[in-house]
Amino acid sequence: MSPDSINLTRIGKPGKPCVMVIFGVAGDLAQRKLLPALYYLAHHRLLAPEFAVLGVGHQEMDAETFREHIREELPKFAPGQVDPDLVNELLGRIHYLSGEFGDPGTFERLRVRLAELDQTHHTKGNYFYYLATSPSFFAPIVERLHTAGLTQQEGSWRRVIVEKPFGSDLKSARALNRKLLDYLEESQIYRIDHYLGKETVQNILAFRFANGIFEPLWNRQYIDHVQISVAETVGVEQRGNYYEHSGALRDMVPNHLLQLVSLIAMEPPISFQADAVRDEQAKAVRAILPLTEEQVLRDTVRGQYGEGLVGGQRVSGYRQEPRVDPESTTETFAAMKLHLDNWRWADVPFYLRTGKRLQARNTHIVIQFRRAPFVLFRDTPVEDLSPNQLVLHIQPEEGMSLRFAAKRPGPVMRLGTVDMDFEYGATFGQVSSTGYERLLLDCMIGDATLFQRSDMVEAGWGVVQTILDVWKALPPKFPNYEAGSWGPRESGAMLERDGRSWRDFPC
Ligand code: BG6
């Protein structure tokens with residue numbers, strides 16, 4: 001398979017006949033992401049004609065009321081314009097079952113409903129369960145599915161998609177893995193990280209391995225450091241309950257940011273088969289040196305936003321957000337310097353940062369190359385040489401840019417810094433999507449490449465565990481950054497100490 005075909009290979013080939021069971025169907029995730037993603041798949045004719053959805057929620061409601069609710073909500077979140085005929089077609093496949101996730105009776109009724117759907121939609125006994133619930137339900141739901149005989153695969157397949165957060169530290173992630181593996185094979189578990197559903201994230205592989213020019217430079221000989229920034233302008237919104245227990249570190253680093261690190265740092269896999277890719281990603285994450293307590297104090301920064309101006313609007317501080325403790329010590333910003341201890345990356349720092357209520361929404365990766373020797377420019381007006389930077393823009397703009405020096409026209413040697421830009425939208429057209437459609441389709445066809453394996457999840461928690469421990473032991477002085485800024489001062493200072501600086505976008 002050629003690298004760019006990994007994104008295109010299944011266009012025109014719909015998913016397999018199956019029922020998608022969504023636990024927590026009335027929640028935010030299902031309404032904002034999952035149902036719009038199904039609409040997108042329907043629009044591209046990527047759902048099998050024998051496909052149905054069964055939403056499970058604790059609200060008492062009949063299927064018609066549920067469908068009407070979706071009809072109202074879908075246009076708000078679906079990518080692009082919504083076609084009413086297509087919505088009707090999709091709604092015809094959507095069903096609802098009310099029940100408590102803690103009640104064994106729910107699972108008995110579920111078994112009966114699924115058997116009925118197999119008859120009406122010809123779904124062949126293939127089911128995948130999407131756990132869009134609070135994490136406390138993950139293990140109990142899987143156990144009850146098992147008890148009801150709904151995880152066993154006899155002439156059909158049964159899969160479970162588990163949302164993040166997968167555990168809240170290394171110990172709980174291990175315990176959850178063990179619990180799930182009591183009832184399921186590893187190959188039935190699809191641990192989702194929606195960052196891997198983003199086109200530009202998948203494109204990191206194509207970019208690295210389909211081009212001859214960068215890979216020879218992709219190592220400690222030529223790369224000075226790597227920066228990964230996931231900046232958000234949104235605050236904690238209505239998710240105070242969840243976020244108070246999570247914070248920026250747990251919410252973003254062991255999953256989304258380390259996925260990006262692994263794609264940048266991994267060795268070329270021997271194929272694009274799921275385990276070949278995931279083996280290399282897991283090796284990259286395992287190569288990250290866990291920080292010592294002293295390093296946590298020196299090489300990590302946490303912050304919490306106070307009130308400020310974002311996009312010209314005055315916004316309140318984190319402690320004033322709904323469902324947040326007015327004395328909260330939860331961090332909304334995290335930055336750190338990590339090192340990978342292997343031949344390719346030894347001594348190349350990876351700087352990571354993520355935060356809410358920052359100045360701009362921007363996810364990007366900067367690969368900074370080593371500076372060229374200055375010797376030739378000593379007797380010219382040039383004062384210093386800027387290092388070359390390759391920037392992978394993940395969102396909101398999708399593209400790449402390469403920064404290099406060029407001579408300014410004129411009789412004397414003066415340099416200017418120029419950027420060579422490539423924008424996805426301009427070249428390939430804008431593809432609006434939620435990021436979930438590719439992952440749902442992959443689960444329907446049994447391709448786990450873009451899902452996390454248990455060892456990857458545990459390795460991710462292993463990287464951040466000391467940070468969690470040290471931060472917990474030392475109460476912070478919050479708030480320490482203004483909403484609408486680029487985070488706490490210490491974040492910039494961490495790089496300045498190393499003679500480097502964050503590249504912010506838009507710059
Ligand atoms: C989620 C986090 O996993 O990712 C959120 O829980 C965060 O806090 C979101 O806002 C960011 O995703 P995206 O796709 O908007 O970058």
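Whatever order the structure lists ligands and atoms in, that order sets their numbers, starting from 1.
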Treating Gln31 as the side-chain partner and Val25 as the backbone partner, does any N or O pair qualify as donor plus acceptor under 3.5 Å?
yes
Main chain of Thr449, side chain of Asp447: is a donor-acceptor contact present, judged purely on distance under 3.5 Å?
yes
Can a cation-pi geometry be assigned to Arg191 and Phe166, taking NZ or CZ under 6.0 Å from the six-membered ring centre and within 45° of the ring axis?
yes
Does ligand 1 have an atom that lies less than 4.0 angstrom from a heavy atom of Tyr195?
yes
Closer than 4.0 angstrom, basic N to acidic O: yes or no for Lys472 and Asp469?
no
Could you list which atoms of ligand 1 come closer than 4.0 Å to a heavy atom of His194?
1 (C), 3 (O), 4 (O), 12 (O), 13 (P), 14 (O)
Measuring from non-hydrogen atoms of Asp251 to any atom of ligand 1, is the shortest distance under 4.0 Å?
yes
Of all the non-hydrogen atoms in the protein, which one sits nearest to atom 14 (O) of ligand 1, and at what distance?
Lys198 NZ, 2.6 Å
Ligand-residue contact atoms, ligand 1 with His256, heavy atoms, under 4.0 Å:
1 (C), 3 (O), 4 (O)
Tell me the protein heavy atom at minimum distance from atom 10 (O) of ligand 1, and give that distance in Å.
Glu232 OE2, 2.5 Å
Going from CG on Asn203 to CE on Met400, what distance comes out if it is rounded to the nearest 0.5 angstrom?
4.5 Å
In the protein, what heavy atom is nearest to atom 15 (O) of ligand 1, and what distance, to one decimal place, separates them?
Arg361 NH2, 3.8 Å
By number and element, which atoms of ligand 1 are closer than 4.0 Å to a non-hydrogen atom of Lys164?
1 (C), 2 (C), 3 (O), 6 (O)
Counting N and O atoms only, with roles assigned by atom type, does the side chain of Thr300 sit under 3.5 Å from a partner on the main chain of Met336, one being a donor and the other an acceptor?
no
Atoms of ligand 1 close to Lys356 [distance to a heavy atom under 4.0 angstrom, numbered from 1]
5 (C), 7 (C), 8 (O), 10 (O)
Is Lys356 salt-bridged to Glu232, going by a charged N under 4.0 Å from an acidic O?
yes
